[in-house]
Amino acid sequence: MAIPFRQMAVVGAYLVRQHLAGRKRYPLVLMLEPLFRCNLACAGCGKIDYPDEILNQRLSVDECLAAVDECGAPVVSIAGGEPLLHRELPEVVKGIIARRKFVYLCTNALLMEKKLDQYSPNPYFVWSVHLDGDEEMHDKSVCQSGVYARAVSAIKSAKARGFRVNINCTLFNTADPQRTAAFFDRIRELGVDAITVSPGYAYERAPDQHHFLNRTKTKELFRDIFRRGRAGHAWSFSQSWLFLDFLAGNRDYRCTPWGNPTRTVFGWQRPCYLLGEGYAKSFRELMDETDWDTYGTGNYEKCADCMVHSGYEATAVKDAFAHPLAAIGVALRGVRTEGAMAPEIPLNNQRPAQFVFSRHVEHKLNEIRKGQSLAKLPPAAE
Ligand code: SF4
């Protein structure tokens, strides 16, 4: 089962509580990035292009757990950078599990086998291993040979020890539907519990700007893949059926950026996991003071091609809650891969992109340097 019954029940009860409380906006998954440092440098990654002083920053265990408490989402996805480079990560994971939140630990798996002993199988814990395709596809995607083989070896070791293991797979315009379907078959044979799949987001800081998918290509690609896998039934996905149906162009969804709020070493990131347009000091400030309507496809140029789960899965979950019969229908029938697609969101009223990266980096560097010089000051005289 892609999502165990216990997790579905906890998340379902959480959704009911939010609805009964009349909350318009609430988080589903906290994206926790305790560091930006990584031991790979993938061509499609826009997350690690920072000076060393920022890459050396870590959220402390207390800061991580405070973010979990402040946010209150029932699921925490730990990403980065490479989270396994954070020495205190086992304590962070333990603290989150103690709060009865479901932890997805995202990793490129280079350190996973070495660190498996630091973690224990638990119904609240899932390894989420980055794999963008078969050996050739993945090693090309991460710009280093041998990474696929190490990830597969780590997956086998983790499964042998009784861990739940998912993969997270990002697809670019180089993805071949036949090959991707064969890769998903291979993943199933490996005993992986579920696949999290998403089109790559066109990060403005990614070294390779030529291989991101636009929305039309994304929908065609997913139809071509699902068609080869019994409308999606051949594989086990960690995402909702309505989100998969959206990826195949059958749903006219608007983004729900507050569904996956993101905490990094900069603070609470506005508006979403993919875009760092500003930072709030607290989760409450993020929720209350972000001008949400200025983001999302159709509203903002940087959102034009986005169909990523961190923006649209929460939309699908809310839709499933509002229209359970439609959700059951897609789960039974599978994803529709033929016929007309849902109308696309017009882009004629979107506001132009703002380029704010350097300003935020400069601000953070000043903050770090100020902290360092304060630390150097002699203690005040009594
Ligand atoms: S569409 Fe939503 S999730 Fe995607 S980049 Fe824009 S705000 Fe973020």
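As the structure lists them, so they are numbered: ligands from 1, and atoms in each ligand from 1. Starting from 1, each residue takes its place in the sequence as its number.
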Any idea which part of Tyr201 is under 4.0 Å from ligand 1, heavy-atom wise: side chain, backbone, both or neither?
side chain
As an exercise, identify every atom of ligand 1 less than 4.0 angstrom from a heavy atom of Cys272.
3 (S), 5 (S), 7 (S), 8 (Fe)
Looking at Tyr124, Phe163, Trp127, which one forms a ring-ring contact (aromatic ring centres under 6.0 Å, His included) with Tyr119?
Trp127
Which of the numbered atoms in ligand 1 are under 4.0 angstrom from any heavy atom belonging to Gly311?
3 (S)
Any idea which protein heavy atom is nearest atom 1 (S) of ligand 1, and the distance to it?
Cys303 CB, 3.5 Å
For a distance under 2.8 Å, tell me if Cys255 has an N/O/S atom near atom 2 (Fe) of ligand 1.
yes
Is there a donor-acceptor contact under 3.5 Å from the side chain of Asn108 to the main chain of His130?
no
Could Lys302 and Phe355 be counted as a cation-pi pair, given that NZ or CZ must be under 6.0 Å from the ring centre and within 45° of the axis?
yes
N/O/S from Cys306 sitting under 2.8 Å away from atom 8 (Fe) of ligand 1:
no
Taking only heavy atoms of Leu274, which atoms of ligand 1 are found under 4.0 Å from at least one of them?
3 (S), 4 (Fe), 5 (S)
Does the distance from a Lys or Arg side-chain N to an Asp or Glu carboxylate O, for Arg369 and Glu53, drop under 4.0 Å?
yes
Can the ring centroids of Tyr253 and Tyr312 be said to lie less than 6.0 angstrom from one another?
no
Looking at Phe357, I'd like to know if the NZ or CZ of Arg205 sits under 6.0 Å from its six-membered ring centre while staying within 45 degrees of the ring's axis.
yes
